[in-house]
Amino acid sequence: MKGWMGKSRVLFLFGIMLLTLTGCGLPNLTALEPKGEGADVIYDLMMLSVIIMVVVGVIVMALYFFVLIRYRQKEDNQDYIPKQTEGNKFLELLWTVVPILLLIVLAVPTVQKTFMLADTTPAEEDKEDAVTIEVTGKQYWWHYNYNGLEVQASQDLYIPTGERVYLKLAASDVIHSFWVPSISGKMDTNPGTGNVNEMWINAYEEGVYYGKCAELCGPSHSLMSFKVVAVSPEEFDQWVEEMKNVNPDATPESESAQAGKELFNSKGCIACHAIGSSPAAAGPNLTNFGSRVKIAGILDNNKQNLIDWLQHPEEIKPGNKMTGKYGNTDADNPLTSEEAEQLSDYLLQLNPTEITPEDAEAQ
Amino acid sequence: MSTATAQKKGFGATLWDYLTTVDHKKIAILYLVAGGIFFLAGGLEAMLIRIQLAVPDNDFVSAGLYNQLITMHGTTMIFLAAMPLIFALMNIAVPLQIGARDVAFPFLNSLGFWLFFFGGVLLNVSWFTGGAPDAGWTAYAPLSTTSPGHGVDYYVMGLQISGAGTLIGGINFLVTIVNMRAPGMTYMRMPLFTWTAFVTSVLILFAFPALTVGLFLMMFDRMFGANFFDPQMGGNHVIWEHLFWIFGHPEVYILVLPIFGLFSDIISTFSKKRLFGYSAMVFAVVLIGFLGFMVWAHHMFTTGLGPVANSIFAIATMAIAVPTGIKIFNWIFTMWGGSIRMTTPMLWTVAFIPSFTLGGFGGVMLAAAAADYQYHDTYFVVAHFHYVIVGGVVFGVFAGLHYWWPKFFGTMLSEKLGKLAFWPFFIGFHLTFFIQHFLGLMGMPRRYWKFLPNQDLDLGNLVSTIGAFLMAIGAVIFLINVIVTSVKGEKVSGDPWDGRTLEWSIPSPPPFYNFTQTPLVRGLDPLWIEKRQGNGKMTPAEPLGDIHMPNNSFIPFVMSLGLFIAGFGFIYQVDDKNWLIVGIAGMLITLGSMFVRSVKDDLGYHIHKEDLEKGAGSE
């Protein structure tokens, strides 16, 4: 018996140690450090349920260990026949009623908060200014159409801080799920027009928050990351203006980038990738590609990574829709190094806004 | 796993015997062996998953293969390992516990097994024919309906065939428990395991048709150009989610309820006490079974059903905690004042209580719909359902196998090795899954092929992988135990555990007709009553007489084989219509065997009284 208890105690201590070591996760990713209203509301509910569970757990475990230690068969008393108790009405009633009461304590705020999080109608006085964004999940990236603002963007979702931003969520192929753990809970994006979901997100402070796809959507499900870039309302307005007035045909400065622009057209990139506020979105909108936090959602934004991505998209993101779409080039070697470099130069100079993720992060 | 008598018979004869048997005890062994093999396959898949996730940005398996692994791990463990292992326990124990000579429909029992078996084999053939299904065990449309290749076709056909087997098995146990109880075995005297087998059979009867319907619709979408789940064509993929979970949630209770019953029997036996609050326990099981059908949409809180539906399903889900709590307290109070023997079955049972309680806590947390928006589809959920299914069902299967091994094979698994297997499995289990609750909240969604570095997810995943290896070690020690025990082949008495219920009143392994004379049941725990108040033996309820037995039959095997062949025909007719010939040929084999079964009289045979007296009734 001693060894048995000893082992569980060691296990318990080991568990606690591990938790301290791992902490609560990466800030701006973990749901355990809420940075937005939704995540905050949910965190409170979570803690309430944890407290209730811990109380119940302590009682159950106390009884459990007491019984196991106290009523273990004794070496010298193996023929002992215990009393054959049938039950006890009072106890039965007790452990039926008390859990019901505890569950009511949990159920009331649950219902309250479920309705609160589902309330996607802006208050009357905010109706004019409320930002509504149509979010579309696609294999394996995200597109954002800012309703009424004539702005299209992909991957990095810019939002103003300190207000509820309303999202209309849909998908163009299979089900995805939009999740920014440190700001809010998740919501599925359903394909078709019949099951559009609505939610709101509200980031307290400026920052770049991790977003992930949370519904299995194919081989690169785990690589369908995105970012939420929360900036102050003034900066957001400035960003909108800058994005709206982008000239998609602007001639780049460097020669290499100019050549890249030619390639962008001749290789057929332009067939899927819009630059500017065109709503076409077969591929990610590249208007502000130069300031993207990540390339393809996962690689650090630098030239070498971009070249790798352009040359070997299938290796980096299996099952993506860009592989094999570079016009009539050799399938094994779709772009020469020179071409990839020129294209990269072109894409990385697409940086029309003064408001960038660095601003948000610097806060 | 051959018994002494089988060895005398030679391999061919033994094989033929098992292919044609309708004896519930041999079918239990078939379920055990098949379920065990699939459990190993599913376990191997789990190990590959954990190796892939041991370190960030790992390329141990490719993204496509990874999705096949998670899909097959889930599908195999639920449908092809847990279900048959539960059926193995139900087959070995239920007829014996109610004093019956066999199940109500021995032929159907065999058919149920072979359908499950061929369905499972069909599903696993996909590994060798271009790729296993890869849309998750939940196979959400449109990912499943648009998945390239034939993987998901195998999923649809394999589960359809094995699901038919499960449905048949469920109906069989319902009829058996309603009709075949020995005199005096009233409903409220049935052992808890039989009670839970009964409720589980009701759940199977009502839940599996939903899966059947869903799979048919998906079959038509994938193979015959229908668009039930295609939103672009006016279909609606959310219907699949509903159908799947209307089946899928009761399925969890289908698996875990018999285990509740088993633990009740074990706790009572090894505490030397009558089950505390027997009627409350029965009531709780029935209530859990009933509520189990009212909560399916808690798997769909983030689908967008709206706050009204979410709230209703949240509260219904929380309600299940009440009967489950009743059970936990009654188990503890059965041990209270008892004389607890820490045998291997009891060790697994005692480990189950805190493990399953933690699983239940996770369940209540998940039930809070608003909070579920964070938990949903993350490792929190993965942690929760492994706590329930491993901490409940797998612990239970281990407990049940140790407990009933004498009834299966007439031998006893080594207690020493049993405990040696327990510790690494138990510690490994908590190491693997407890930390996953936190991984989920720290931002790791489930079904992730890889997690990227620098997201503070590395340590948790590594710990989880180490735990998985410990579990594997435990499972291997259990296998060694099985091998050592069968090589030694030491026979044990009919009642090695000082049991309380009818299965311990007959020899181990029982003769093929179970009870020479049907016993008279005088109350709950009938054998215990006789031990305390009588001569320690069951009083017969009938004079010694001829016993009517069913004949063995090869037809169930052929019938299932036909559907197995037809499955290939349906899958490949998508590429080439000529394959329809194979489909039709397979169906003809099945229908032909059904025809033969219908027109050929098979009246069984009698074991004569004189033979029983001589004891020559045994094989």
Side-chain angles (χ1 to χ4, degrees), chain A residues 11 15 18 21-22 25-26 29-32 42 45-46 49 53 60 63-64 67 71-73 80-85 87 92 95-96 99-100 103 106-107 110-111 113-115 117-118 174-175 177 181 185-188 191-192 194-195 197 210 212 214-217 219-222 298 318, chain B residues 63-64 67 136 140 142-143 231-232 236 238 272-274 276-277 280 302-304 307 310-311 314-315 318 321-322 325-326 328-329 332 335-341 353 357 361 364-365 368-371 373-374 376-377 427 434-435 441-443 445 447-450 452 455-456 459-460 463:
Chain A
L11 191 67
L18 278 176
L21 279 176
T22 45
L26 188 70
L29 169 61
T30 173
L32 296 172
I42 293 175
L45 187 58
M46 210 186 284
S49 63
M53 293 303 121
V60 172
L63 283 170
Y64 171 82
V67 164
Y71 297 109
R72 192 95 193 263
Q73 190 178 65
Y80 167 66
I81 303 294
K83 187 164 169 259
Q84 302 292 306
T85 328
E92 297 284 357
W95 59 58
T96 307
I100 291 178
L103 286 174
L106 182 61
T110 295
V111 172
K113 288 173 177 183
T114 304
F115 274 86
L117 291 172
V174 300
I175 311 170
S177 192
K186 64 185 74 62
M187 186 61 100
D188 289 0
N195 290 305
N197 284 331
Y210 288 76
K212 294 184 183 240
E215 180 66 58
L216 180 64
C217 58
S220 282
H221 165 52
S222 60
I298 49 174
Chain B
N67 284 357
Y140 272 19
L143 184 66
Q232 259 72 33
N236 194 337
V238 179
K272 285 196 188 172
K273 267 188 73 199
R274 184 194 153 103
F276 191 90
T302 66
T303 299
N310 281 1
S311 299
I315 291 169
M318 288 180 191
V322 177
I326 292 176
I328 299 271
F329 283 113
I332 292 179
M335 293 190 279
W336 187 290
S339 177
I340 301 170
R341 281 179 291 159
I353 292 177
T357 304
F361 288 169
V364 174
M365 290 175 73
Y373 300 159
Q374 288 288 27
H376 185 83
D377 264 343
I427 295 170
F434 190 72
I435 199 138
L441 291 171
M442 282 153 63
R447 294 167 167 174
Y448 260 31
W449 162 52
K450 52 167 72 168
L452 299 174
Q455 298 193 355
D456 280 9
L459 183 62
V463 168

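Everything quoted here is computed from the prediction, not taken from an experiment. So that the names make sense, note that chain A is the first sequence line, chain B the second, and so on, each numbered from 1.
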Report which part of B:L143 has an atom under 4.5 Å of a heavy atom belonging to chain A: side chain, backbone, both, or neither.
both
Specify whether B:F276 and A:W95 have parallel, tilted or perpendicular ring planes, treating 30° as the upper limit for parallel and 60° as the lower limit for perpendicular.
tilted
Considering residues at least two apart in sequence or located in another chain, which fulfil the side-chain contact (heavy atoms from CB on, under 4.5 Å) criterion with A:F115?
A:V111, B:P307, B:V308, B:S311
So what's closer than 4.5 Å to chain A heavy atoms on B:F361: side chain, backbone, both or neither?
both
Could you go through the side-chain contact (heavy atoms from CB on, under 4.5 Å) check for B:I340 and A:V67 one step at a time?
CA-CA 9 Å; B:I340 301 170; A:V67 164; 4.1 Å; yes
When heavy-atom pairs shorter than 4.5 Å are enumerated against chain A, which of B:I315, B:N310, B:T303, B:N236 gives the highest number?
B:T303
All heavy atoms of A:G25 vs all of B:D456, minimum pair found to be C-OD2, 3.6 Å
Non-hydrogen atoms of chain B under 4.5 Å away: do they reach the side chain of A:E92, the backbone, both or neither?
side chain
Contact part of B:L441 toward chain A, heavy-atom cut-off under 4.5 Å: side chain, backbone, both or neither?
both
Locate the shortest heavy-atom distance separating B:K273 from A:P82; write the atom from each residue and the value.
CG-CB, 3.7 Å
Would you check, one step at a time, whether the test side-chain contact (heavy atoms from CB on, under 4.5 Å) holds for B:V238 with A:N195?
CA-CA 9 Å; B:V238 179; A:N195 290 305; 3.7 Å; yes
For the interface with chain A, which of B:A369, B:G64, B:G443 has the highest count of heavy-atom pairs at distances below 4.5 Å?
B:G443
Is a side-chain N or O of A:K186 found less than 3.5 angstrom from the main chain of B:H376, in a donor-acceptor match?
yes
Pick whichever of A:I298, A:I100, A:L26, A:L45 has the most heavy-atom pairs under 4.5 Å with chain B.
A:L26
To the nearest 0.5 Å, atom CD of B:Q374 lies from atom CD1 of A:I42 at 4.5 Å
Residue from A:P191, A:P318, A:A118 scoring the most non-hydrogen pairs under 4.5 Å with chain B is A:P191
By side-chain contact (heavy atoms from CB on, under 4.5 Å) - contacts of B:M318 (at least two apart)
A:L103, A:L106, A:A107, A:T110, B:A367, B:A368
Heavy atoms only, distances under 4.5 angstrom: which of A:K83, A:M187, A:M46 has the most pairs with chain B? Name it, please.
A:M46
Mind checking the NZ-CG spacing from A:K212 to B:L452? Nearest 0.5 Å is all I need.
6.0 Å
Within the 4.5 Å heavy-atom criterion, are A:L63 and B:W336 side-chain neighbours or not?
yes
What residue in B:A280, B:A370, B:P231 has the most heavy-atom pairs under 4.5 Å with chain A?
B:A370
Looking only at B:A321, B:A63, B:S339, the option with the highest number of non-hydrogen pairs under 4.5 Å against chain A is B:S339
Below 4.5 Å, heavy-atom pairs only: which of A:S177, A:P181, A:G192 has the largest tally toward chain B?
A:P181
Applying a strict 4.5 Å limit to non-hydrogen atoms, the region of A:L117 in contact with chain B is side chain
Contact between A:E215 and B:R447 at the side-chain level, heavy atoms closer than 4.5 Å - yes or no?
yes
B:G136, B:G325, B:G277: which one forms the most heavy-atom pairs within less than 4.5 Å of chain A?
B:G277
Per-residue contact mode, B:A314 against chain A (heavy atom under 4.5 angstrom)
side chain
Let me confirm one number: the CD1-NZ distance from A:I81 to B:K272, rounded to the nearest 0.5 Å.
4.5 Å
Look only at the side chain of A:Q73 and the backbone of B:G338, and say whether a donor-acceptor pair between them is shorter than 3.5 Å.
no
Option that, when pairs with chain A are counted at under 4.5 Å, heavy atom only, ranks first among B:Y448, B:W449, B:F329:
B:Y448
A side-chain contact here means heavy atoms from C-beta on lying under 4.5 Å apart; do B:T302 and A:N197 qualify?
no
